[in-house]
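Structure first, then comments.
Below, read A as the first sequence line, B as the second, and so on, with proteins coming before strands; counting in each chain starts at 1.
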Amino acid sequence: MRRLILFILLLALSWQSDADGVVVDKVYSPYVLPQEREIEWRLMSRNSDAQGNQLGQRLGYGHSLSEYVTMEIYLVGERELGSDDFGLEGIEVEARWMLTEQGQYWADWGLLFEVEKAHTEDNWEVSSGVLVEKEFGKTSLTVNLFAIYEWGQSVANEWESEARVKLRYRYLPILQPAIELYAGEDFFGIGPAFQGIQRFHGQKQLKWEAAFISELSHSGKDHTFRFSVEYEF
Amino acid sequence: MLTFRGKINVSLWLGLQLMVLPFDALATNIPEFHLTLENHLFFPAEIEVPANKKVKLIIYNKDDVAEEFDSFDLNREKMIFPKRKSTIYIGPLPPGEYHFFGEYNPNMATGKVVVKGGSNVN
(Lines give C-alpha, C1' and ligand atoms only; values in the text may rest on other atoms or scores of the structure.)
Protein backbone atom coordinates (compact mmCIF):
# COMPACT_ATOMS: atom_id res chain seq x y z
CA MET A 1 0.00 0.00 0.00
CA ARG A 2 2.78 2.41 0.96
CA ARG A 3 4.50 1.67 -2.34
CA LEU A 4 1.33 2.57 -4.23
CA ILE A 5 0.98 5.85 -2.35
CA LEU A 6 4.63 6.57 -3.02
CA PHE A 7 4.07 5.75 -6.68
CA ILE A 8 1.19 8.20 -6.95
CA LEU A 9 3.14 10.92 -5.18
CA LEU A 10 6.19 10.36 -7.36
CA LEU A 11 3.98 10.31 -10.43
CA ALA A 12 2.47 13.65 -9.43
CA LEU A 13 5.82 15.19 -8.59
CA SER A 14 7.51 13.94 -11.76
CA TRP A 15 4.48 14.58 -13.98
CA GLN A 16 5.79 16.02 -17.23
CA SER A 17 3.33 18.85 -17.28
CA ASP A 18 2.47 20.76 -20.40
CA ALA A 19 -0.49 22.92 -19.41
CA ASP A 20 -0.03 26.45 -20.66
CA GLY A 21 -2.99 28.05 -18.91
CA VAL A 22 -3.31 28.98 -15.26
CA VAL A 23 -2.36 25.90 -13.29
CA VAL A 24 -3.28 27.02 -9.78
CA ASP A 25 -7.00 26.37 -9.40
CA LYS A 26 -8.45 23.78 -7.04
CA VAL A 27 -7.53 20.33 -5.80
CA TYR A 28 -10.63 18.18 -6.18
CA SER A 29 -11.76 15.52 -3.74
CA PRO A 30 -13.39 12.49 -5.33
CA TYR A 31 -16.48 12.59 -3.09
CA VAL A 32 -20.04 13.27 -4.25
CA LEU A 33 -23.11 13.69 -2.08
CA PRO A 34 -26.56 13.11 -3.57
CA GLN A 35 -29.29 15.75 -3.45
CA GLU A 36 -26.71 18.49 -3.15
CA ARG A 37 -26.72 21.80 -4.96
CA GLU A 38 -24.03 24.42 -4.71
CA ILE A 39 -23.05 27.88 -5.81
CA GLU A 40 -19.34 28.45 -6.07
CA TRP A 41 -17.12 31.46 -6.59
CA ARG A 42 -13.39 31.15 -7.24
CA LEU A 43 -10.80 33.89 -7.48
CA MET A 44 -7.24 33.55 -8.70
CA SER A 45 -4.75 36.39 -8.73
CA ARG A 46 -1.27 35.82 -10.16
CA ASN A 47 1.59 38.27 -10.05
CA SER A 48 4.76 37.36 -11.92
CA ASP A 49 7.74 39.13 -13.45
CA ALA A 50 7.21 37.31 -16.74
CA GLN A 51 3.44 37.70 -17.16
CA GLY A 52 2.46 40.67 -15.01
CA ASN A 53 -0.85 40.58 -13.20
CA GLN A 54 -3.48 38.02 -14.09
CA LEU A 55 -6.91 37.78 -12.60
CA GLY A 56 -9.36 34.95 -13.03
CA GLN A 57 -12.78 34.37 -11.53
CA ARG A 58 -15.32 31.61 -11.85
CA LEU A 59 -18.93 31.53 -10.86
CA GLY A 60 -20.43 28.07 -10.82
CA TYR A 61 -23.65 26.22 -10.12
CA GLY A 62 -23.51 22.54 -9.31
CA HIS A 63 -26.12 19.85 -8.87
CA SER A 64 -25.61 16.20 -8.04
CA LEU A 65 -27.33 13.90 -10.50
CA SER A 66 -27.06 10.71 -8.45
CA GLU A 67 -25.26 9.19 -5.48
CA TYR A 68 -22.07 9.14 -7.51
CA VAL A 69 -22.18 11.87 -10.17
CA THR A 70 -22.36 15.63 -9.86
CA MET A 71 -22.29 18.28 -12.57
CA GLU A 72 -21.30 21.91 -12.41
CA ILE A 73 -21.46 24.74 -14.93
CA TYR A 74 -19.13 27.74 -14.68
CA LEU A 75 -18.93 31.17 -16.14
CA VAL A 76 -15.20 31.85 -16.48
CA GLY A 77 -13.98 35.43 -16.35
CA GLU A 78 -10.41 36.61 -16.89
CA ARG A 79 -8.48 39.79 -17.22
CA GLU A 80 -6.28 39.35 -20.27
CA LEU A 81 -2.57 40.02 -20.21
CA GLY A 82 -1.68 43.61 -20.98
CA SER A 83 -5.27 44.73 -20.62
CA ASP A 84 -7.38 46.25 -17.88
CA ASP A 85 -10.53 44.67 -19.23
CA PHE A 86 -12.08 41.93 -17.21
CA GLY A 87 -14.72 39.97 -19.07
CA LEU A 88 -16.35 36.67 -19.79
CA GLU A 89 -13.72 34.34 -21.18
CA GLY A 90 -15.63 31.11 -21.51
CA ILE A 91 -18.16 28.62 -20.24
CA GLU A 92 -17.22 25.31 -18.68
CA VAL A 93 -19.19 22.20 -17.86
CA GLU A 94 -17.72 19.78 -15.36
CA ALA A 95 -18.75 16.28 -14.28
CA ARG A 96 -17.29 14.52 -11.26
CA TRP A 97 -17.79 10.81 -10.78
CA MET A 98 -17.15 9.12 -7.43
CA LEU A 99 -15.87 5.64 -8.28
CA THR A 100 -15.46 4.13 -4.81
CA GLU A 101 -17.13 4.54 -1.42
CA GLN A 102 -15.14 6.64 1.00
CA GLY A 103 -12.90 4.40 3.11
CA GLN A 104 -13.83 1.20 1.28
CA TYR A 105 -10.45 0.59 -0.34
CA TRP A 106 -6.88 1.65 0.41
CA ALA A 107 -7.66 5.01 -1.22
CA ASP A 108 -10.75 6.74 -2.58
CA TRP A 109 -11.04 7.25 -6.33
CA GLY A 110 -12.93 9.51 -8.67
CA LEU A 111 -12.85 10.91 -12.18
CA LEU A 112 -13.36 14.43 -13.45
CA PHE A 113 -14.38 15.49 -16.96
CA GLU A 114 -14.47 19.10 -18.14
CA VAL A 115 -15.40 20.78 -21.41
CA GLU A 116 -14.64 24.48 -21.83
CA LYS A 117 -15.66 26.69 -24.75
CA ALA A 118 -14.18 30.15 -25.23
CA HIS A 119 -16.79 32.89 -25.28
CA THR A 120 -15.76 34.92 -28.31
CA GLU A 121 -13.68 32.43 -30.26
CA ASP A 122 -14.17 28.90 -31.45
CA ASN A 123 -11.64 27.45 -29.01
CA TRP A 124 -12.28 24.30 -27.01
CA GLU A 125 -10.62 22.46 -24.17
CA VAL A 126 -11.48 18.99 -22.88
CA SER A 127 -9.97 17.66 -19.66
CA SER A 128 -10.09 14.32 -17.96
CA GLY A 129 -8.61 13.68 -14.57
CA VAL A 130 -8.06 11.05 -11.93
CA LEU A 131 -8.86 12.13 -8.37
CA VAL A 132 -7.35 10.15 -5.49
CA GLU A 133 -7.68 10.74 -1.76
CA LYS A 134 -6.03 8.78 1.04
CA GLU A 135 -6.58 9.26 4.76
CA PHE A 136 -3.77 8.94 7.33
CA GLY A 137 -5.41 9.55 10.69
CA LYS A 138 -6.35 13.24 10.74
CA THR A 139 -4.36 13.95 7.58
CA SER A 140 -5.71 13.59 4.05
CA LEU A 141 -3.62 13.42 0.89
CA THR A 142 -5.41 14.37 -2.34
CA VAL A 143 -3.85 13.97 -5.77
CA ASN A 144 -5.33 15.11 -9.11
CA LEU A 145 -3.76 14.15 -12.44
CA PHE A 146 -5.21 15.71 -15.58
CA ALA A 147 -4.86 15.04 -19.29
CA ILE A 148 -6.08 17.99 -21.36
CA TYR A 149 -6.67 18.41 -25.08
CA GLU A 150 -7.28 21.81 -26.65
CA TRP A 151 -8.05 22.88 -30.17
CA GLY A 152 -9.69 25.70 -32.06
CA GLN A 153 -9.52 28.93 -33.96
CA SER A 154 -6.60 30.55 -32.16
CA VAL A 155 -4.99 27.76 -30.15
CA ALA A 156 -2.73 24.99 -31.36
CA ASN A 157 -4.14 21.48 -31.23
CA GLU A 158 -2.22 19.94 -28.39
CA TRP A 159 -2.25 17.62 -25.42
CA GLU A 160 -1.40 19.06 -22.05
CA SER A 161 -1.16 17.69 -18.54
CA GLU A 162 -1.36 18.96 -14.99
CA ALA A 163 -0.81 17.62 -11.51
CA ARG A 164 -2.22 18.99 -8.28
CA VAL A 165 -1.55 17.72 -4.75
CA LYS A 166 -2.93 18.72 -1.37
CA LEU A 167 -1.87 17.49 2.06
CA ARG A 168 -4.51 18.60 4.59
CA TYR A 169 -4.68 18.32 8.37
CA ARG A 170 -8.23 18.16 9.70
CA TYR A 171 -7.59 20.32 12.75
CA LEU A 172 -11.04 21.89 13.19
CA PRO A 173 -13.99 22.01 10.80
CA ILE A 174 -13.58 25.76 10.41
CA LEU A 175 -9.79 25.64 10.03
CA GLN A 176 -7.88 22.92 8.21
CA PRO A 177 -4.32 23.86 7.24
CA ALA A 178 -2.82 22.31 4.13
CA ILE A 179 0.06 22.37 1.68
CA GLU A 180 -0.76 22.53 -2.02
CA LEU A 181 1.46 21.70 -4.96
CA TYR A 182 0.78 22.43 -8.64
CA ALA A 183 2.72 21.31 -11.71
CA GLY A 184 2.02 22.54 -15.25
CA GLU A 185 3.96 23.79 -18.25
CA ASP A 186 6.89 25.87 -16.98
CA PHE A 187 5.25 25.88 -13.60
CA PHE A 188 6.05 24.10 -10.39
CA GLY A 189 4.47 25.82 -7.43
CA ILE A 190 3.95 25.04 -3.79
CA GLY A 191 2.57 26.90 -0.83
CA PRO A 192 0.42 27.01 2.28
CA ALA A 193 -3.33 26.63 2.09
CA PHE A 194 -6.27 26.75 4.46
CA GLN A 195 -9.80 25.56 4.19
CA GLY A 196 -12.80 25.36 6.42
CA ILE A 197 -16.45 24.50 6.63
CA GLN A 198 -19.30 26.13 8.51
CA ARG A 199 -22.44 24.06 8.79
CA PHE A 200 -25.92 25.46 8.98
CA HIS A 201 -29.23 23.65 9.15
CA GLY A 202 -29.72 20.56 7.00
CA GLN A 203 -27.45 20.28 4.00
CA LYS A 204 -26.70 23.99 4.06
CA GLN A 205 -23.02 24.66 4.57
CA LEU A 206 -20.37 27.13 3.57
CA LYS A 207 -16.96 25.89 2.48
CA TRP A 208 -13.98 28.14 1.90
CA GLU A 209 -10.46 27.59 0.63
CA ALA A 210 -7.44 29.88 0.28
CA ALA A 211 -3.87 29.25 -0.85
CA PHE A 212 -0.75 31.22 -1.63
CA ILE A 213 1.39 29.41 -4.17
CA SER A 214 4.95 30.37 -5.09
CA GLU A 215 6.44 29.19 -8.36
CA LEU A 216 9.82 27.55 -7.70
CA SER A 217 11.26 26.45 -11.04
CA HIS A 218 12.17 29.92 -12.30
CA SER A 219 14.00 32.87 -10.83
CA GLY A 220 12.02 36.04 -10.25
CA LYS A 221 8.65 36.73 -8.74
CA ASP A 222 5.71 34.46 -9.49
CA HIS A 223 3.05 34.21 -6.81
CA THR A 224 -0.56 33.12 -7.05
CA PHE A 225 -3.28 33.69 -4.51
CA ARG A 226 -6.44 31.67 -4.84
CA PHE A 227 -9.65 31.84 -2.87
CA SER A 228 -12.96 30.05 -3.23
CA VAL A 229 -16.29 29.96 -1.46
CA GLU A 230 -18.93 27.28 -1.94
CA TYR A 231 -22.43 27.45 -0.54
CA GLU A 232 -24.08 24.05 -0.52
CA PHE A 233 -27.80 23.67 -0.05
CA MET B 1 0.02 16.49 -32.10
CA LEU B 2 0.81 14.26 -29.16
CA THR B 3 4.45 14.57 -28.17
CA PHE B 4 6.47 11.67 -26.78
CA ARG B 5 6.24 13.25 -23.33
CA GLY B 6 2.51 13.66 -23.81
CA LYS B 7 2.16 10.00 -24.78
CA ILE B 8 3.95 8.95 -21.60
CA ASN B 9 1.65 11.15 -19.53
CA VAL B 10 -1.51 9.85 -21.17
CA SER B 11 -0.30 6.25 -20.76
CA LEU B 12 0.46 6.80 -17.08
CA TRP B 13 -2.90 8.46 -16.62
CA LEU B 14 -4.77 5.59 -18.27
CA GLY B 15 -2.77 3.11 -16.22
CA LEU B 16 -3.69 4.95 -13.05
CA GLN B 17 -7.36 4.81 -13.97
CA LEU B 18 -7.13 1.06 -14.55
CA MET B 19 -5.50 0.62 -11.13
CA VAL B 20 -8.90 1.23 -9.56
CA LEU B 21 -10.24 -2.06 -10.85
CA PRO B 22 -8.32 -4.68 -8.80
CA PHE B 23 -9.12 -3.12 -5.43
CA ASP B 24 -12.50 -4.85 -5.22
CA ALA B 25 -10.65 -7.93 -4.10
CA LEU B 26 -9.21 -6.12 -1.08
CA ALA B 27 -12.53 -5.14 0.47
CA THR B 28 -13.63 -8.52 1.81
CA ASN B 29 -13.92 -9.77 5.41
CA ILE B 30 -14.59 -6.37 6.95
CA PRO B 31 -16.43 -6.65 10.29
CA GLU B 32 -19.97 -5.25 10.20
CA PHE B 33 -21.74 -3.17 12.86
CA HIS B 34 -25.41 -2.29 12.55
CA LEU B 35 -27.28 0.87 13.46
CA THR B 36 -30.90 1.80 12.98
CA LEU B 37 -32.30 5.25 12.45
CA GLU B 38 -35.87 5.53 13.67
CA ASN B 39 -37.86 8.65 14.57
CA HIS B 40 -34.66 10.61 13.87
CA LEU B 41 -32.74 8.72 16.58
CA PHE B 42 -29.80 6.36 16.14
CA PHE B 43 -30.08 2.96 17.89
CA PRO B 44 -27.77 2.22 19.53
CA ALA B 45 -26.51 5.74 20.00
CA GLU B 46 -23.15 4.38 21.07
CA ILE B 47 -21.41 1.59 19.25
CA GLU B 48 -18.10 -0.06 20.08
CA VAL B 49 -15.71 -1.10 17.35
CA PRO B 50 -12.19 -2.58 17.49
CA ALA B 51 -9.16 -0.33 17.27
CA ASN B 52 -6.87 -0.31 14.27
CA LYS B 53 -9.29 -2.22 12.09
CA LYS B 54 -11.46 -1.12 9.20
CA VAL B 55 -15.16 -1.74 9.90
CA LYS B 56 -18.49 -1.31 8.13
CA LEU B 57 -21.26 0.68 9.75
CA ILE B 58 -24.51 -0.46 8.19
CA ILE B 59 -27.29 2.00 8.94
CA TYR B 60 -30.91 1.11 8.27
CA ASN B 61 -33.07 4.19 7.97
CA LYS B 62 -36.59 3.19 9.04
CA ASP B 63 -37.88 6.74 8.71
CA ASP B 64 -39.84 8.02 5.74
CA VAL B 65 -37.36 10.80 5.09
CA ALA B 66 -33.68 10.90 4.23
CA GLU B 67 -30.97 11.74 6.73
CA GLU B 68 -27.36 12.71 6.16
CA PHE B 69 -24.80 11.02 8.39
CA ASP B 70 -22.10 13.51 9.23
CA SER B 71 -18.96 13.25 11.32
CA PHE B 72 -15.91 15.48 11.24
CA ASP B 73 -14.24 13.11 13.72
CA LEU B 74 -14.70 10.18 11.35
CA ASN B 75 -14.26 12.31 8.22
CA ARG B 76 -17.47 10.93 6.73
CA GLU B 77 -20.59 12.37 5.12
CA LYS B 78 -23.17 10.01 3.67
CA MET B 79 -26.77 10.29 2.60
CA ILE B 80 -29.00 7.66 4.21
CA PHE B 81 -32.07 7.25 2.05
CA PRO B 82 -35.45 6.41 3.63
CA LYS B 83 -36.29 2.72 4.05
CA ARG B 84 -32.83 1.76 2.84
CA LYS B 85 -29.59 0.43 4.28
CA SER B 86 -26.44 2.45 3.74
CA THR B 87 -22.88 1.35 4.37
CA ILE B 88 -20.19 3.61 5.78
CA TYR B 89 -16.62 2.36 5.93
CA ILE B 90 -14.61 3.70 8.86
CA GLY B 91 -11.14 3.15 10.22
CA PRO B 92 -8.65 1.85 10.96
CA LEU B 93 -8.90 4.17 13.97
CA PRO B 94 -6.94 4.55 17.19
CA PRO B 95 -8.86 4.14 20.49
CA GLY B 96 -11.11 7.06 21.29
CA GLU B 97 -14.60 8.50 20.85
CA TYR B 98 -15.81 9.69 17.47
CA HIS B 99 -19.05 11.65 17.38
CA PHE B 100 -21.54 11.67 14.56
CA PHE B 101 -24.92 13.28 13.89
CA GLY B 102 -27.68 13.55 11.31
CA GLU B 103 -27.49 16.85 9.45
CA TYR B 104 -31.28 17.18 9.14
CA ASN B 105 -31.91 16.55 12.83
CA PRO B 106 -28.65 17.52 14.53
CA ASN B 107 -30.18 17.78 18.01
CA MET B 108 -31.89 14.40 17.94
CA ALA B 109 -29.92 12.17 15.59
CA THR B 110 -26.65 11.99 17.47
CA GLY B 111 -24.31 9.20 18.45
CA LYS B 112 -20.75 8.13 18.86
CA VAL B 113 -18.41 5.38 17.79
CA VAL B 114 -16.27 4.19 20.69
CA VAL B 115 -13.07 2.61 19.43
CA LYS B 116 -11.52 0.22 21.91
CA GLY B 117 -8.36 -1.83 21.82
CA GLY B 118 -8.18 -5.57 22.64
CA SER B 119 -10.61 -8.25 21.54
CA ASN B 120 -13.50 -7.81 24.04
CA VAL B 121 -15.62 -5.72 21.77
CA ASN B 122 -19.39 -6.27 21.56
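Classification of B:R76 and A:E135 as a salt-bridged pair holds, one side-chain N sitting under 4.0 Å from a carboxylate O. Using a 4.0 Å cut-off between a side-chain N of Lys or Arg and a carboxylate O of Asp or Glu, A:E101 and B:K78 qualify as a salt bridge.
No side-chain heavy atom of A:Q102 sits under 4.5 Å from any side-chain heavy atom of B:I88. No side-chain heavy atom of A:E67 sits under 4.5 Å from any side-chain heavy atom of B:M79.
By the 6.0 Å contact criterion, CH2 on A:W97 is open, its count of non-hydrogen atoms from other residues, nucleotides or ligands being 12 or less. The number of heavy atoms from other shown groups lying within 6.0 Å of NZ (B:K53) does not exceed 12. The number of heavy-atom neighbours closer than 6.0 Å to CD1 of A:I179, taken from other residues, nucleotides and ligands shown, is 12 or below.
With chain B as partner, the option from A:E36, A:H201, A:Q35, A:K204 having the largest number of non-hydrogen pairs under 4.5 angstrom is A:Q35.
In summary, the side chains of A:Q104 and B:Y89 do present a donor paired with an acceptor at a separation below 3.5 Å, with no hydrogens or angles considered.
Only the side chain of B:D70 comes within less than 4.5 Å of a heavy atom in chain A; its backbone stays farther off. Both the backbone and the side chain of B:E77 come within contact range of chain A, judged by heavy atoms closer than 4.5 Å.
Here the CH2 atom belonging to A:W106 is positioned 11.0 Å from the NZ atom belonging to B:K54, to the nearest 0.5 angstrom. A:L33 contributes atom CG, which lies 5.0 Å from atom CD of B:E68 (distance to the nearest 0.5 angstrom).
Contacts with chain B (heavy atom to heavy atom, under 4.5 Å) involve these residues of residues 169-178 of chain A, listed by number: A:R170, A:Y171, A:L172, A:P173, A:Q176.
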